[in-house]
Amino acid sequence: MSALFRRKASASSAAASAPRDRLVTLVRKPGCHLCDDAQAVVEKVCGELGVRWEGRDITEDAALYDAYWEQIPVVLIDGEQHTFWRVNEERLRRALAC
């Protein structure tokens, strides 16, 4: 099986996963008001859909810092960037319902 096919198959299976099988990661930093706003949306949507979520502190992870410092807060779905700065509740809900 080619690497390209495996990536596509993996992406397709992730998109077809039930919401409960998804993982939302909120990359944030302490004292960030946009991060607090983003967390409120993530908590609401994930709570309503039964989706697991985690918060990650960008100041404690060099790789996250290098990748996302200028974009925080950042929302990842199953490790892929979904959005940054402002989290739209309906867009997040639609992305998790796929």
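Reckoned from all heavy atoms, side chains included, excluding hydrogens, waters and symmetry mates. Only a predicted model underlies this, so the values are computations on that prediction, with no experimental measurement involved.
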Inset, instruction - May I have the step-by-step check of side chain to side chain contact (heavy atoms under 4.5 Å, CB included) for Leu76 and Val27, ending in yes or no? - result: CA-CA 8 Å; Leu76 310 174; Val27 180; 4.2 Å; yes
Legend entry - ILVMFWY cluster, Phe84 and Trp53 together (side-chain gap under 4.5 Å):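 Not linked; separate clusters.
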Inset, instruction - May I ask whether Leu34 and Val41 are part of the same hydrophobic cluster, defined by side-chain heavy atoms of I, L, V, M, F, W, Y residues being less than 4.5 angstrom apart, directly or through others? - result: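 In one cluster with Leu34: Val41, no.
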Taking all heavy atoms of [X] and all of [Y], pick out the closest pair and write down the distance.
X: Ile77; Y: Ala95; value: CD1-CB, 3.7 Å
X: Trp85; Y: Gln71; value: CD1-O, 3.1 Å
X: Val75; Y: Val87; value: CG2-CG2, 3.6 Å
X: Glu54; Y: Thr25; value: OE2-OG1, 3.0 Å
X: Cys46; Y: Leu96; value: SG-CD1, 4.3 Å
X: Tyr68; Y: Ile58; value: C-CD1, 3.8 Å

Inset, instruction - Show the numbers, then the answer: is there a side chain to side chain contact (heavy atoms under 4.5 Å, CB included) between Leu64 and Arg56? - result: CA-CA 9 Å; Leu64 290 176; Arg56 301 282 305 275; 3.8 Å; yes
Legend entry - Under 3.5 Å donor-acceptor, Arg91 side chain and His82 backbone: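 At least one qualifying donor-acceptor pair exists.
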Inset, instruction - Look only at the side chain of Asp78 and the backbone of Arg22, and say whether a donor-acceptor pair between them is shorter than 3.5 Å. - result: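 Not a single qualifying donor-acceptor pair exists.
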Inset, instruction - May I ask you to say whether Arg93 pairs ionically with Glu89, meaning some side-chain N is under 4.0 Å from a carboxylate O? - result: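 Here Arg93 pairs with Glu89 in a salt bridge, since their nearest N and O are under 4.0 Å apart.
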Legend entry - Derivation of the side chain to side chain contact (heavy atoms under 4.5 Å, CB included) call for Thr83 and Asn88: CA-CA 9 Å; Thr83 195; Asn88 179 283; over 6 Å; no
Legend entry - Option among Asp57, Asp36, Asp61 that satisfies the salt bridge (charged side-chain N to carboxylate O under 4.0 Å, His left out) test with Arg28: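 Of the listed options, the one satisfying the test is Asp36.
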Inset, instruction - Give, for atom CZ of Arg52 and atom CG of Leu23, the distance between the pair rounded to the nearest 0.5 Å. - result: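 Separation between the atoms: 5.0 Å.
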Inset, instruction - Compare all side-chain heavy atoms of Gln81 with those of Val74 and state whether any distance is below 4.5 angstrom. - result: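 Yes. Closest side-chain heavy atoms under 4.5 Å.
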Legend entry - Whether over 12 other heavy atoms sit under 6.0 Å from Glu70 CD: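 No - once you tally the heavy atoms of other residues, nucleotides and ligands closer than 6.0 Å, there are 12 at most.
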